[in-house]
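Just so we're on the same page: letters track the sequence lines, and every chain starts at 1.
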Protein chains: 2
Amino acid sequence: MERYRKINLKLTPQRMAIFDYLDGNKAHPSAEQIYRGIRKKFPTTSFATVYKTLEALKKKGQIHELTIDESRRRYDPDTNYHHHLICLDCKSIVDVNIDFNITIPDDQKYSYDVIGNHIQFFGVCPKCRDNHDSQK
Amino acid sequence: MERYRKINLKLTPQRMAIFDYLDGNKAHPSAEQIYRGIRKKFPTTSFATVYKTLEALKKKGQIHELTIDESRRRYDPDTNYHHHLICLDCKSIVDVNIDFNITIPDDQKYSYDVIGNHIQFFGVCPKCRDNHDSQK
DNA sequence: GTTACTGCAAAGCTTTTGCATCCCT
DNA sequence: AGGGATGCAAAAGCTTTGCAGTAAC
């Protein structure tokens, strides 16, 4: 929470609710999940405010936008370098905190400046695996 | 082209144009780029047909859908295991054909079955770098 | 002759935007 | 007081779908 006070954003109740929802959140929520989550605390918040706040936080470098889920953007308040493992079935996402030492040799860079990387792991979570099993 | 004859899809002229456009294509085109590309050859093709054909090809395992570009899906006719490097500016994508040996230790898998992975590299392409430089 | 594909238009979803009002600082 | 934030509704993209007509097999 402390981090959000120092980034030149006005601290409105709606934003406090969003910050609070994101703080320590490991679920990699979508905008809609955030919207639904904070409306429990602050029921008049609009979708537009959620999106605008997420955009502001992204610009300030306080959150990352994940493109691993094809159907919607997911947000991650953990901005430390790490990777992700997604369930192909339910789209649940967990962190992968391993520092793979991956760099591209110059002769394969096509003269691009390489700035960063992110590994997407695909799999099936235990819950979805059990569901499949029980359908046999 | 030969590969598309053997997958139980009716060979319509529209599809032939799409197959032909995708064949050997290293640009990782979006649906719209494909649409515009094939209309040069077959001008009455509709967007719906493009999307439906891409969906059919995906189900048959003949193309991969990339989620690396946040604003639209990109399609890759190269289904061999490889990674991608995207320009953060113009969203151009090039292949990275290196086999990084990445696996997740069991104690970090959260009991997921891990099926595959894909590395997204981010950077700036030479063209966009030059544009930036000339603006100084 | 069947079955599947095409094309159009409409609809569906996620995300963005304009603008009047409101409220942090 | 002033500038930024909110909320509503409308719009903007991208993608999907229903359906009648058509073409591949």
Quiz: residues 96-107 of chain A side-chain donor-acceptor pairs under 3.5 angstrom, not counting sequence neighbours:
unit_1   : atom_1 : unit_2   : atom_2 : d
A/Asp106 : OD1    : A/Lys109 : NZ     : 3.1

Side chains of B/Tyr35 and B/Thr49, donor plus acceptor under 3.5 Å: no

Value in whole Å for how far the P atom of C/dT15 lies from CD of A/Glu70: 13 Å

Side-chain N or O of B/Gln14 closer than 4.0 Å to phosphate OP1/OP2 of C/dG7: yes

Letter per nucleotide, 5' to 3', of nucleotides 18-25 of chain D [B base touched, S only sugar-phosphate touched, - untouched; heavy atoms, 4.0 Å]: BB----BS

Pairs touching residues 53-67 of chain A that satisfy salt bridge (Lys or Arg N to Asp or Glu O under 4.0 Å), sequence neighbours left out: A/Glu55-A/Lys58, A/Lys58-A/Glu65, A/Glu65-A/Arg73

Carboxylate-amine/guanidinium contact B/Asp76 B/Lys26, below 4.0 Å: no

N or O in side chain of A/Arg15 less than 4.0 angstrom from C/dC24 OP1/OP2: no

Distance, rounded to the nearest Å, where B/Glu55 contributes CD and C/dC5 contributes P: 12 Å

Sugar-phosphate, base or nothing in reach of A/Thr44, heavy atoms under 4.0 Å: sugar-phosphate

First encountered from the 5' end of DNA chain C, between B/Ser46 and A/Glu32: B/Ser46

Value in whole Å for how far the C1' atom of D/dC14 lies from NZ of B/Lys91: 16 Å

NZ/NE/NH1/NH2 to OD/OE distance under 4.0 Å, B/Asp69 and B/Arg74: yes

Phosphate OP1/OP2 of C/dG7: any B/Thr49 side-chain N/O under 4.0 Å: yes

Whole-Å gap separating C1' (C/dC8) and CZ (B/Arg39): 12 Å

Atom pair distance, as rounded to whole Å: CZ in A/Phe47 and P in D/dA10: 17 Å

Between B/His83 and A/Asn117, a side-chain donor and acceptor under 3.5 Å: no

For atom NZ of B/Lys59 and atom C1' of D/dT16, their distance in whole Å: 12 Å

B/Arg72 CZ - C/dT15 P separation (whole Å): 14 Å

Closest to side chain of A/Arg73, choosing from D/dT6, C/dT15, C/dG7: C/dT15

Protein-nucleotide distance (A/Tyr51, atom OH; C/dC13, atom C1'), rounded to Å: 9 Å

Listed nucleotide nearest any side-chain atom of A/Thr45, set C/dT15, D/dG7, C/dG7: D/dG7

Residues B/Asp95 and B/His28: side-chain donor-acceptor under 3.5 angstrom: yes

